[in-house]
Amino acid sequence: MPLRLGVLVSGSGTNLGAILAAVHAGKLDADVRVVISNKLAAGGLERARAAGVPAVAIPHAGFASRELFDEALVACLCEHDVEWVVLAGFMRVVTPVLLDAFPRRVINIHPALLPAFPGVDGPGQALAYGVKVAGCTVHLVDAGVDTGPVIAQAAVPVLEGDDRDRLAARILEQEHALLVEVIGWLSQGRLRVEDADGKRARVVIEARAR
Ligand code: GRF
């Protein structure tokens with residue numbers, strides 16, 4: 001059975017595009033049931049429509065609280081029979097309303113090697129700090145900002161002469177590959193979370209599909 005995904009976007013949606021392309025090419029056993037954006041004009045919604053995927057804009061400004069906004073997200077995701085939620089360039093902090101509806105089934109792609117450089121503009125932070133290796137992270141989403149258990153990471157070199165946009169573009173290429181790879185592991189049932197008393201939860205990717 002293909003993994004039933006809901007993808008949340010705020011911008012151009014190139015990560016969504018990578019998922020849709022992998023599904024279309026038969027490289028990912030997943031079914032994007034719905035794409036939701038908090039922005040009416042998000043490019044990700046256009047990508048969804050072009051792929052024949054339900055595309056729904058739910059502007060966050062229309063809600064009195066983050067929790068009420070998340071209730072609308074959950075209603076739409078459940079209406080489309082979603083089992084895993086992918087934050088792909090989604091720029092809103094989600095609340096326990098969403099996380100409790102999809103316990104340990106919300107993942108996020110972040111353009112930095114967490115825990116370094118959380119929040120906005122990971123590539124810009126990396127360049128400003130002067131690191132020599134940047135990268136991206138796919139993690140389970142918890143109630144914090146970019147603080148959930150790490151699933152996978154990819155390293156990206158910072159090259160002489162890099163400006164923010166050149167580094168961000170190099171990282172973005174790796175984001176696309178990493179996100180598709182992780183969703184593939186989810187579709188094979190290979191993700192396991194170890195909860196040791198008093199320690200951070202740790203993600204294990206099992207060697208073979210269950
Ligand atoms: C990506 O770097 C993503 O990690 C960040 O927003 C950027 C654009 O993502 N959150 P996309 O092109 O909208 O998928």
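Excluded from the calculations below are hydrogen atoms, water molecules and symmetry mates; all remaining heavy atoms, backbone and side chain alike, are included.
The stretch residues 22-48 participates, sequence neighbours left out, in these salt bridge (Lys or Arg N to Asp or Glu O under 4.0 Å) pairs: Asp31-Arg33, Glu46-Arg49. Sorted by first then second residue, the salt bridge (Lys or Arg N to Asp or Glu O under 4.0 Å) pairs that include residues 86-99, not counting sequence neighbours, number zero.
The closest side-chain heavy-atom distance from Leu191 to Ile151 is below 4.5 Å. The closest side-chain heavy-atom distance from Val141 to Ile107 is not below 4.5 Å. Looking at Val32 and Val35, their side chains come closer than 4.5 Å, going by heavy atoms from C-beta outward. The shortest distance between side-chain heavy atoms of Leu5 and Ile19 falls below 4.5 Å. Put simply, the side chain of Val86 does not reach to within 4.5 Å of the side chain of Leu8, judged on heavy atoms. Looking at heavy atoms from C-beta onward, Asn15 lies in side-chain contact with His176 at the 4.5 angstrom threshold. Here the side chains of Leu68 and Glu71 are in contact, with some heavy-atom distance below 4.5 Å. When side chains are defined from C-beta on, Val133 does not count as touching Val131, because their heavy atoms never get closer than 4.5 Å.
To the nearest 0.5 Å, atoms SG (Cys136) and CD1 (Ile109) are separated by 4.5 Å. One finds the CD atom of Glu67 at 7.0 Å from the CG atom of Asp70 (value rounded to the nearest 0.5 Å). In this structure, CG in Leu186 is found 9.5 Å from CD in Glu83, a value given to the nearest 0.5 Å. Between Leu98 atom CG and Leu77 atom CG the span is 6.5 Å, to the nearest 0.5 Å. Residue Leu87 holds its CG atom at 9.5 Å from CG of Asp146, rounded to the nearest 0.5 Å.
Met91 is not connected to Leu73 by any chain of hydrophobic side-chain contacts under 4.5 Å among Ile, Leu, Val, Met, Phe, Trp and Tyr, and they are in different clusters. If you chain together hydrophobic residues whose side chains sit under 4.5 Å apart, Leu179 and Leu140 fall into the same group. If you chain together hydrophobic residues whose side chains sit under 4.5 Å apart, Val7 and Val94 never meet in one group. Hydrophobic clustering of Ile, Leu, Val, Met, Phe, Trp and Tyr side chains at less than 4.5 Å, counting indirect connections, unites Val182 with Val23. One hydrophobic cluster, built from ILVMFWY side chains closer than 4.5 Å, holds both Ile183 and Leu178.
When all heavy atoms are compared, the tightest approach of Ala88 to Leu16 is CB-N, 4.4 Å. Residues Asn38 and Ser10 approach most closely at OD1-OG, 2.6 Å, considering heavy atoms. When all heavy atoms of Ala134 and Leu113 are compared, the pair lying nearest together is O-CD1, 3.3 Å. Counting all heavy atoms, side chain and backbone alike, Asp163 lies closest to Leu127 at C-CD2, 3.4 Å. Between Phe63 and Ile58 the shortest heavy-atom distance is CE1-CG2, 3.5 Å. Considering every non-hydrogen atom in both His80 and Pro54, the closest pair reads NE2-CB, 3.9 Å.
Contacts of Arg166 classified as side chain to side chain donor-acceptor pair (under 3.5 Å), with partners at least two apart in sequence or in another chain: none.
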Query - His139/Leu114 under side chain to side chain contact (heavy atoms under 4.5 Å, CB included): CA gap, chis, key distance, verdict - result: CA-CA 9 Å; His139 63 94; Leu114 295 172; 3.6 Å; yes
**Report entry** side chain to side chain contact (heavy atoms under 4.5 Å, CB included) between Val82 and Arg4, intermediate numbers included
**Finding:** CA-CA 5 Å; Val82 163; Arg4 303 188 310 278; 5.6 Å; no
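Between the side chain of Thr14 and the backbone N or O of Gly17, no donor-acceptor pair lies under 3.5 Å. Distance alone, capped at 3.5 Å, is enough to place a donor-acceptor pair between the Arg170 side chain and the Pro157 backbone. Judged by distance alone, with hydrogens and angles left aside, the side-chain atoms of Asp100 form no donor-acceptor pair with the main-chain N or O of Val97 at under 3.5 Å. A distance-only check finds a donor-acceptor pair linking the side chain of His110 to the backbone of Phe117 [under 3.5 Å]. Listed for the Ser37 side chain is no donor-acceptor partner under 3.5 Å among the backbone atoms of Leu45.
Classified by interplanar angle (parallel below 30°, tilted 30° to 60°, perpendicular above 60°), the ring pair Phe69/Phe90 is parallel.
Just one of Arg192, Gln188, Arg190 meets the side chain to side chain donor-acceptor pair (under 3.5 Å) condition when paired with Glu206; it is Arg192.
The pair Asp121-Arg164 meets the salt-bridge criterion, since a charged nitrogen lies less than 4.0 angstrom from a carboxylate oxygen. Residues Arg104 and Asp195 are paired through a salt bridge, judged by an N-O separation under 4.0 Å between the basic side chain and the carboxylate.
For the residue pair Gln153 / Thr137, a side-chain donor-acceptor distance below 3.5 Å is found, with atom types taken as modelled.
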